[in-house]
Amino acid sequence: MGTVATSADEIAGERRQLINVAYRLLGSVTEAEDAVQDAYARWYGLPPSRREEIRSPGAWLTTVTSRICLDRLGSARARRERYVGAWLPEPLPDCTEWDHAGGAGPTGRADPADQIVLDESVSMAFLVVLESMTPAERVAFVLHEVFRYPFAEIADVLGRTPAACKQLAASARRRVAVASAPVPAGQADVVRHVKEAWESRDIPALVGLLNPAAVMTADGGGMVGTVLRPVEGGARIAQYMVAIAEMAPGLELLERSVNGVPGLVARRGGVVVTVASFDVADGRVSRIWAVRNPEKLRPWAQEG
């Protein structure tokens, strides 16, 4: 390799890309930040002469970050078996919406969530499908399909041949065919109608907005009360939603983008307590993912 001097600013400039890669691999803003910090620590732990030999520090950092994520995905499976209830990815806000909503918004501190590009590869439907993959499938798919890395570079991450990495990505691609469908043009309207029916405790209206085979999954992490298993069926979900509203007077519902897709945020006393994502097909809600674990709602923290 040739010798290339790299400034600290250039290295720091890779951070946004690394956070984007790590979040899609791990489904957690906190874990993504930790993985990137670890990669930077390894970079600065190299002797200066070794750093100067690396022609593409960005590629080096991406490779190291991906390997760290691969290791963490393996250990995460064991941790999630002990998790209380269902585990869902951490939802992401669109901070521009909060800035335009009466001045109340996420805290002013620098937040890695602000650096994540909100596109179809971070929708909750997409991330949930990624969770069903093996760690190697997920790394191969995300790096190739989302970030367009060649299989020769992915092989270096996974310690496999380029041909084997191509097979992993192909296997993963078959799983995401449905989740990668574009968001329906009318999703915002459907979500708005759900909000209105929920606020008015209108069970028949909610039932009409939900697919009869709809499924709602909630993630409280054992830290707040919520159902531990998915609620199945539009009628049961509607009854559950109304019961929640009855037990939480003063609950304020806001239409907000969740991972780049129209969703709902429930706020009580100025604090976000639930972030709900929706999958809509044929004008009705087929899936609801409700994140209530406070640790996963930190990017949504409100001022004052």
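Residue numbers run from 1 in the order of the sequence given.
Residues I54 and L46 meet the side-chain proximity criterion, which asks for heavy atoms closer than 4.5 Å. At least one side-chain heavy atom of P91 sits under 4.5 Å from a side-chain heavy atom of L297. Between D189 and R192, the closest side-chain pair of non-hydrogen atoms falls below 4.5 Å. Within the 4.5 Å cutoff, the side chain of V139 has no heavy atoms near those of the C69 side chain. Residues R256 and D94 form no side-chain contact, since every pair of their non-hydrogen atoms from C-beta on lies 4.5 Å or further apart.
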Evaluate the side-chain contact (heavy atoms from CB on, under 4.5 Å) criterion for residues V194 and I288: first the C-alpha distance (whole Å), next the side-chain angles of each, then the deciding distance (0.1 Å), finally the verdict.
CA-CA 11 Å; V194 169; I288 302 174; 6.0 Å; no
Check step by step if side-chain contact (heavy atoms from CB on, under 4.5 Å) holds for W87 and K296.
CA-CA 11 Å; W87 188 96; K296 295 186 178 184; 3.3 Å; yes
One pair to check against side-chain contact (heavy atoms from CB on, under 4.5 Å): Q17 and V21. What are the steps and the verdict?
CA-CA 6 Å; Q17 171 78 352; V21 170; 4.3 Å; yes
side-chain contact (heavy atoms from CB on, under 4.5 Å) assessment of V190 paired with F278:
CA-CA 10 Å; V190 174; F278 299 84; over 6 Å; no
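Listed by chain and number, the hydrophobic cluster partners of V84 are L228, where partners are ILVMFWY side chains within reach of under 4.5 Å, directly or through others.
Every side chain to side chain contact (heavy atoms under 4.5 Å, CB included) that A169 has, sequence neighbours left out, goes to A140, F151, R173. Listed by chain and number, the residues in a side-chain hydrogen bond (donor to acceptor under 3.5 Å, both in side chains) with E131 are R80, R138 (sequence neighbours excluded).
Residues V207 and L210 share a single hydrophobic cluster, defined by chaining ILVMFWY side chains whose heavy atoms lie under 4.5 Å apart. In this structure, V280 is not a member of the same hydrophobic cluster as V129, with clusters built from ILVMFWY side-chain heavy atoms closer than 4.5 Å. Grouping the Ile, Leu, Val, Met, Phe, Trp and Tyr side chains by contacts below 4.5 angstrom, directly or via other members, places I237 with L264. Clustering ILVMFWY residues whenever any of their side-chain heavy atoms sit less than 4.5 angstrom apart, transitively, puts V122 in the very cluster that holds M133. Under the 4.5 Å side-chain heavy-atom criterion for ILVMFWY residues, a single connected hydrophobic cluster contains both L206 and Y240.
Separation of atoms CG (D34) and CD1 (I68) is listed at 10.0 Å; rounding is to 0.5 Å. Interatomic distance, L61 CG to R15 CZ, rounded to the nearest 0.5 Å: 11.5 Å. Distance check, rounded to the nearest 0.5 Å: OG of S28 to CZ of R72 gives 9.5 Å. Expressed to the nearest 0.5 Å, how far SG of C165 lies from CG of L158 amounts to 4.5 Å. The distance from the OG1 atom of T62 to the CG atom of L18 is 5.0 Å, given to the nearest 0.5 Å. Note that the CD atom of E246 and the CG atom of L251 stand 11.5 Å from one another [nearest 0.5 Å].
Considering all non-hydrogen atoms of both residues, T226 and D219 come closest at CG2-C, 4.4 Å. For the pair V242 and W198, the tightest heavy-atom approach, listed with the atom from each and the gap, is N-NE1, 4.3 Å. What you find for I11 and P57 is that their closest heavy atoms are CD1-CB, 3.4 Å. The two residues W289 and R287 come nearest to each other via the heavy atoms NE1-NH2, 3.3 Å. Smallest separation of non-hydrogen atoms from A214 and V285: CB-O, 3.5 Å. Residue L25 comes nearest to L73 through the heavy atom pair O-CD2, 3.1 Å, listed as atom of the first residue, atom of the second, then distance.
Classification of D38 and R42 as a salt-bridged pair holds, one side-chain N sitting under 4.0 Å from a carboxylate O.
Taking a 6.0 Å sphere around CZ of R160, one finds it holds 12 or fewer heavy atoms contributed by other residues, nucleotides or ligands. The local environment of NZ in K195 is crowded, with over 12 non-hydrogen atoms from other residues, nucleotides or ligands closer than 6.0 Å. Atom CZ of R229 is surrounded by 12 or fewer heavy atoms from other residues, nucleotides or ligands within 6.0 Å.
No donor-acceptor pair closer than 3.5 Å links the side chain of R267 to the backbone N or O of L254. For R148 (side chain) and V146 (main-chain N/O), no donor-acceptor pair under 3.5 Å exists by modelled atom type.
Below 30°, between 30° and 60°, or above 60°: for Y44 and Y40 the angle between ring planes is below 30°, a parallel geometry.
A donor atom on one side chain and an acceptor atom on the other are found under 3.5 Å apart for N20 and R24.
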